Amino acid sequence: MRGFIFDLDGVIVDTAKYHYLAWKKLANDLGIDFTEEENEQLKGVSRVKSLEKILAWGNKTLSDKDFKAQMAKKNKDYLSHIAKMDESEILPDVPRILNLLKKEKQVISLGSASKNARTILERVNLKEQFDAIVDGNDVSKAKPDPEVFLIAAKQLNMKPEHCIVFEDSVAGVEAANIADMVSIGIGSKDVLGHADYVFRDFTEISDEFIKSLIEN
Ligand code: BG6
Ligand code: MG
């Protein structure tokens, strides 16, 4: 038996695009340029760390009060996108993989940096599929720290080396590697070359591959 840990944003649902839109709006309103390349560096990164990075790129500082206000503004904008989500936004073949894992009697956890994770899982009707949910409310250290995945392994009652992580972010793959788990990058090989395996998306992952992970 294995523990399968899924990141949320960019792995189960394409919320990465909503994070991008919300951060871009905030950055531009502050007079800071924000490109897709910069956005790549924010994937998997906590809300606080993301704003710190954007301000550093723009050579700007904010008072504590303004920093908190900007974070609240970003989240409000982000949640306005989330409110319109439904099951159609689950990424291709995610249900096939989740169903296969259930059929094979494997245990499944979420391992996300997001504080909005439970809301999103409810919106897309996937919450019941998970044996454990570990998100941004449960951790004190952000990815690439392995804390989120180690807590997930513990909740699943699995040793880290018996866990497999699906991740779309550079920081998340690094966290899985540090945790001594099998890391599976979902995205481009150019970005996620440090993962044990990389697939463009779940449509490229065969049932046989999943079964081989369970057996080895
Ligand atoms: C990660 C996203 O999953 O969660 C990041 O990849 C995001 O882009 C982080 O900043 C925190 O999410 P939230 O929803 O708590 O702002
Ligand atoms: Mg992600």
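Note: hydrogens, waters and symmetry copies are ignored here, and every other heavy atom, side chains too, is used. Please read these numbers as outputs of a predicted model, since none were measured by experiment. Both counts, for ligands and for their atoms, begin at 1 and track the order of listing.
Cluster annotation: V94 is connected to I133 through the hydrophobic network of ILVMFWY side chains, with a link wherever side-chain heavy atoms come within less than 4.5 Å. Tracing side-chain contacts under 4.5 Å through hydrophobic residues (I, L, V, M, F, W, Y), one never reaches I5 starting from I178; they form parts of separate clusters.
Of the possible donor and acceptor atoms, none in the side chain of D135 sits under 3.5 Å from a partner among the backbone N and O of A113. In this structure a side-chain-to-backbone donor-acceptor pair under 3.5 Å is missing from E174 to P144. No donor-acceptor pair closer than 3.5 Å links the side chain of R47 to the backbone N or O of K74. Although no hydrogens or angles enter the test, the distance criterion places a donor-acceptor pair under 3.5 Å between the side chain of N99 and the main chain of P95. Counting only distance, with no hydrogens or angles, the side chain of Q41 and the backbone of E38 share no donor-acceptor pair below 3.5 Å.
At least one N/O-N/O distance between N116 and ligand 1 falls below 3.5 Å. Here's the thing with W23: none of its N/O atoms is less than 3.5 angstrom from an N/O atom of ligand 1. Taking distance alone, with nitrogen or oxygen atoms compared against 3.5 Å, D9 approaches ligand 1 more closely than that limit. Checked by distance only, ligand 1 and R47 come closer than 3.5 Å through their nitrogen or oxygen atoms.
Taking the six-membered ring for Trp and thresholds of 30 and 60 degrees, F209 and Y197 have ring planes more than 60 degrees apart, a perpendicular arrangement. Using a 30° and 60° split on the angle between ring planes, H81 and Y18 fall in the parallel class, below 30°.
Those atoms of ligand 1 that come under 4.0 Å of a heavy atom in L42, given as number and element, are 5 (C), 8 (O). Ligand 1 places these atoms under 4.0 Å from at least one heavy atom of K115: 13 (P), 14 (O), 15 (O). For ligand 1, the atoms lying closer than 4.0 Å to a non-hydrogen atom of K43 are 6 (O).
Looking at S50, G111, S114, it is S114 that brings a heavy atom closest to atom 13 (P) of ligand 1.
Ion pairing of E122 with K127 is present here, as a side-chain N (NZ or NE/NH1/NH2) and a carboxylate O approach within less than 4.0 Å.
Ranking the protein heavy atoms by distance from atom 5 (C) of ligand 1 puts V45 O, 3.4 Å first. Annotation: atom 6 (O) of ligand 1 to nearest protein heavy atom, G44 N, 2.7 Å.
Protein N/O/S atoms nearer than 2.8 Å to the Mg ion (ligand 2) total 3.
No option in D168, L110, L91, D7 other than L110 meets the side chain to side chain contact (heavy atoms under 4.5 Å, CB included) test with I12.
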